[in-house]
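Okay, structure first, notes after.
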Amino acid sequence: MADGANPALVMFLLYTLVVFALAWFAHRVLSKKAFLSEYFLGSRGLGMVALALTFGATSASAGSFAGFPSLIYAHGWVLALWIASYMIFPLCGMGLLGKRLNQVARKTGAITVPDVLRERFESKALALISTLLMAFMLTIYLIPQFTLATLIMEQLLGEAALYQRAAMGLASVAGGLMPGGVSAEYVLGLLLFAVLVVLYTTFGGFRAVVWTDVLQGFVMIVGVLVMLVLALAQVGGLPAATQRLAQMTPPRLGEVVFETPIPAPATGHRIPSDTWFTLADETTSALRLFRINQPALIAPGDTRSAAIKAVEITTPQEIADMLGRFETGAPPPLPARVQPRLVAMAEYVHGAGRKGVYVTAPGPSATEADGFLPLGLAVSFFVFWALSGTGQPGNMIRLMAFDSAATLKRAIASLSVYFALIYFPLVIIFCCARVLAPGLDQTPDRIMPVMAFLLSDGAHVPWLAGLLIAAPFAAAMSTVDSFMLMISSSVVRDVYQQNVNPQASERTIKRMSYACTLVIGIVATGGALYPPQFLQYIIVFTGGGLAVAFLGPMTLALYWPRFNKTGALASMIGGFLAYLALYIAGFVLYGGTSPVRPLGFDPLIWGFAASLLFAWIGTVATPPPPERLVRKFFYREG
Amino acid sequence: MAEPDSPPEASRFDPVFLNARREAWLILMAWAVCLIWTVGYSAVAGYGVAYEEVSIILGMPGWVFWGVLVPWIAATLFSVWFGLSYIADDDLGADEDDEASHG
């Protein structure tokens, strides 16, 4: 495909231009207003559309558009239950704290979350601890977001010849400096993403972040709704898709090696990822159908490839349908004399050979004997999404930035409709994906871009793929920009200005803010150069940890007059340590990333319970807060 | 220390605090209702069911329709009503920094 005709590339360039234009306008506004309040809080002037979409776009991280679709694809309809608490999340996330937090922030002139806590309890220690905790956890959180955004960027631009040439150029110039295990395409994508997001965030501040969030919010919903219509049309309607899912049995997962009796020629043998092949069953001589999920290469002079991931379809009807899609009734032949040999194929631990597992709970699982979503975990996730979202400092900061109660009211109503139109349709789209794009169970993270191209090609509108893939990219970007700004605001305001240099001039603060945003971007980019394993687990762990540390103290600070400094400190530290302990115990006992889940409940629930318990003990065991603080925050003025 | 629930004290407390607290309790109740409805119904109708017993309504498994989609629609309608009609339109005050810079 020619560069100029690459729809994804054109879409990406257009998108980048608009983002920079927004940052430029935001910078012009910034130059006319008080720096700190404007740069970090948009002068507390968010209107309804901006508040609803910046809240929604920040909450919907890359996980919503990469991790969530892959889970739907892998486990089926049970994901509707897994995500169900988003039905009430806009009301909880904005309504529970919104009005009081905004009022208290106005009363104290607070522009960061630690600011609010310091003023409410007159405690520099509490502000400092919360700043350090937030900066540490958010920086860790940023790394997988950068990594996921880069993976999406590779999917978005990887086929463009210009991108491939640039990556080859980068490899020839700096190949020796690149970390092991990552490709030049990955490093180029990471650098492009980092430069784009760091520049516009540093340059435009909070207002640029909010304006781009609004743009990204529109991109996300348009992308999802277009995909929904195309998926339903191409699958033959939702009843057809669900009936097909009901008949499906989970695949077998394993590895395959490709072999040739004579050494491969000078060009080698390359078998592309997603290639189908069949083997005859040794006992019944029925056809077994497989799909590889990675490319295989038999190097020149070699006779075999490395072992690569493969999926075996096990549902007879699915096998017949898939074979029917090929012109000859069989997959295209492999290169001459190349034969596959199965190394290992394993059954699912839960659901193997059973029809109906994709349309019932707890859903099939390749690794968990109790299935994907046992009842205890279903309860946990219902608590998790609503409480974890409400407790995120990134969401709290937005609640400090709206202009009036009327704005909050309309934003709650709008965001509720917005989330209903995004999350439930995603479940439908990726249940259809199991039928439309089978055999990708070993690399399900790719299902979003795969579906984008499949649906666009099926509708004969190839440029649409660019728009559809821009949706997850926008989700990653809107989370990253917000969190970078929040970390720098905490460091500049709560560490530097409050503890190091209270007399700092606006010019110094401005330079510090720009430098800090830049440094955080560079640190996260450096971290993502060594992409961590278990991205989704890091996101869940850090998101949950922040919620446990901040939700209890902030809620009680706003609603319980008797709540005091000791209670707040005990709540924040005690809740976080309880949460952390269950993860450490899981690592010690199981040697992996799974935490210990007493009674089947997630550590977030135990951490939150501990946070409330410590808050109560710490408060009632120590003297009440000074009367003037209670008067200031809870009594009528005058 | 005076608690805001005692009648003589109520009039001394900030009405924004009292309104926000009342609204927060109702939000928590709404969340609990959603939890009980969604997880409760799904536990009964969606877990351990043979696929032959799964009905299909509007193209989705019956337990997803009644246990997730219907409460989702109900929660969205409730949130719209709650946002537009129930939340008090309180005056949240002026920004202390603005006051300082202007005054």
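Here OH of Y41(B) is found 13.0 Å from CG of L81(A). Values are rounded to the nearest 0.5 Å. Rounded to the nearest 0.5 Å, atoms CG (L92(B)) and OG1 (T407(A)) are 9.5 Å apart. One distance of note links CD of E23(B) with CZ of R100(A); it measures 12.0 Å at 0.5 Å rounding. With values rounded to the nearest 0.5 angstrom, E53(B) atom CD is found 10.5 Å from T360(A) atom OG1. To the nearest 0.5 angstrom, S404(A) atom OG is 9.5 Å from D91(B) atom CG. Separating the CD1 atom in I412(A) from the OG atom in S79(B) is a distance of 8.0 Å, to the nearest 0.5 Å.
Contact of A88(B) with chain A is made through backbone and side chain together, with heavy-atom distances under 4.5 Å. Both the backbone and the side chain of Y47(B) come within contact range of chain A, each with at least one heavy atom under 4.5 Å from a heavy atom of that chain. In this structure, chain A has a heavy atom under 4.5 Å from the side chain of F78(B), while its backbone stays farther away. Proximity to chain B is absent for every atom of F89(A), based on heavy atoms less than 4.5 angstrom apart. Heavy atoms of I83(A) lying under 4.5 Å from chain B belong to its backbone as well as its side chain. Neither the backbone nor the side chain of P90(A) comes within contact range of chain B; no heavy atom of the residue lies under 4.5 Å from a heavy atom of that chain. In this structure, chain B has heavy atoms under 4.5 Å from both the backbone and the side chain of Q243(A). For a residue to count as touching a neighbouring chain, one of its non-hydrogen atoms must lie under 4.5 Å from one of that chain's; by this rule V357(A) does not touch chain B. Interface remark: L84(B) contributes backbone and side-chain atoms alike to the contact with chain A (heavy atom separation under 4.5 Å). For a residue to count as touching a neighbouring chain, one of its non-hydrogen atoms must lie under 4.5 Å from one of that chain's; by this rule L373(A) touches chain B with backbone and side chain alike. When heavy atoms are compared at a cutoff of 4.5 Å, R631(A) approaches chain B solely by way of its side chain, counted from C-beta outward.
With hydrogens and angles left out, the side-chain atoms of R21(B) and Y559(A) include no donor and acceptor closer than 3.5 Å.
Your options are G83(B), S85(B), S42(B), and the one with the most heavy-atom pairs under 4.5 Å with chain A is G83(B). With chain A as partner, the option from I56(B), L26(B), V54(B) having the largest number of non-hydrogen pairs under 4.5 angstrom is I56(B). Each of A74(B), P71(B), G67(B) has some count of heavy-atom pairs under 4.5 Å with chain A, and the biggest count is that of P71(B). Contact count versus chain A (heavy atoms, under 4.5 Å) is highest, among A75(B), A30(B), P61(B), A50(B), for P61(B). Ranking N19(B), V39(B), L35(B) against chain A, the residue ahead of the rest is L35(B), based on heavy-atom pairs under 4.5 Å.
Looking at F424(A) and I73(B), their side chains never come closer than 4.5 Å, going by heavy atoms from C-beta outward. A heavy-atom distance below 4.5 Å is found between the side chains of F13(B) and P561(A). Contact of the Y51(B) side chain with the Y358(A) side chain is not registered, since no non-hydrogen atoms from C-beta on lie closer than 4.5 Å. Counting heavy atoms from C-beta on, the side chains of K355(A) and E52(B) never come closer than 4.5 Å. Side-chain contact check for K409(A) versus D89(B): some heavy-atom pair is nearer than 4.5 Å. Side-chain contact between W77(A) and M60(B): present, with at least one pair of heavy atoms (C-beta onward) separated by less than 4.5 Å.
Between the W63(B) side chain and the A361(A) main chain, no donor and acceptor come within less than 3.5 Å of each other. The backbone N or O of A20(B) sits nowhere less than 3.5 Å from a side-chain atom of K99(A) that would complete a donor-acceptor pair.
Ring pair W31(B)/F382(A) is tilted by interplanar angle, where 30° to 60° counts as tilted.
The heavy-atom pair separating A43(B) from L375(A) by the smallest distance is CB-CD1, 3.6 Å. Considering every non-hydrogen atom in both L96(A) and L28(B), the closest pair reads CD1-CG, 4.0 Å. Across all non-hydrogen atoms, the minimal contact from V68(B) to A80(A) is CG1-O, 3.5 Å.
Aromatic ring centroids of F634(A) and F17(B) lie under 6.0 Å apart.
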Before you tell me yes or no, could you show the steps for M87(A) and T38(B) under side-chain contact (heavy atoms from CB on, under 4.5 Å), namely the whole-Å CA-CA distance, both residues' side-chain angles and the distance that decides it to 0.1 Å?
CA-CA 10 Å; M87(A) 69 176 67; T38(B) 302; 3.4 Å; yes

Under the criterion salt bridge (Lys or Arg N to Asp or Glu O under 4.0 Å), I'd like the reasoning laid out for D14(B) against K107(A): C-alpha separation, chi angles, the key distance, then a yes or no.
CA-CA 13 Å; D14(B) 182 348; K107(A) 203 172 261 190; 3.8 Å; yes

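Shown here is W81(B), whose CH2 atom has more than 12 heavy atoms of other residues, nucleotides or ligands within 6.0 Å.
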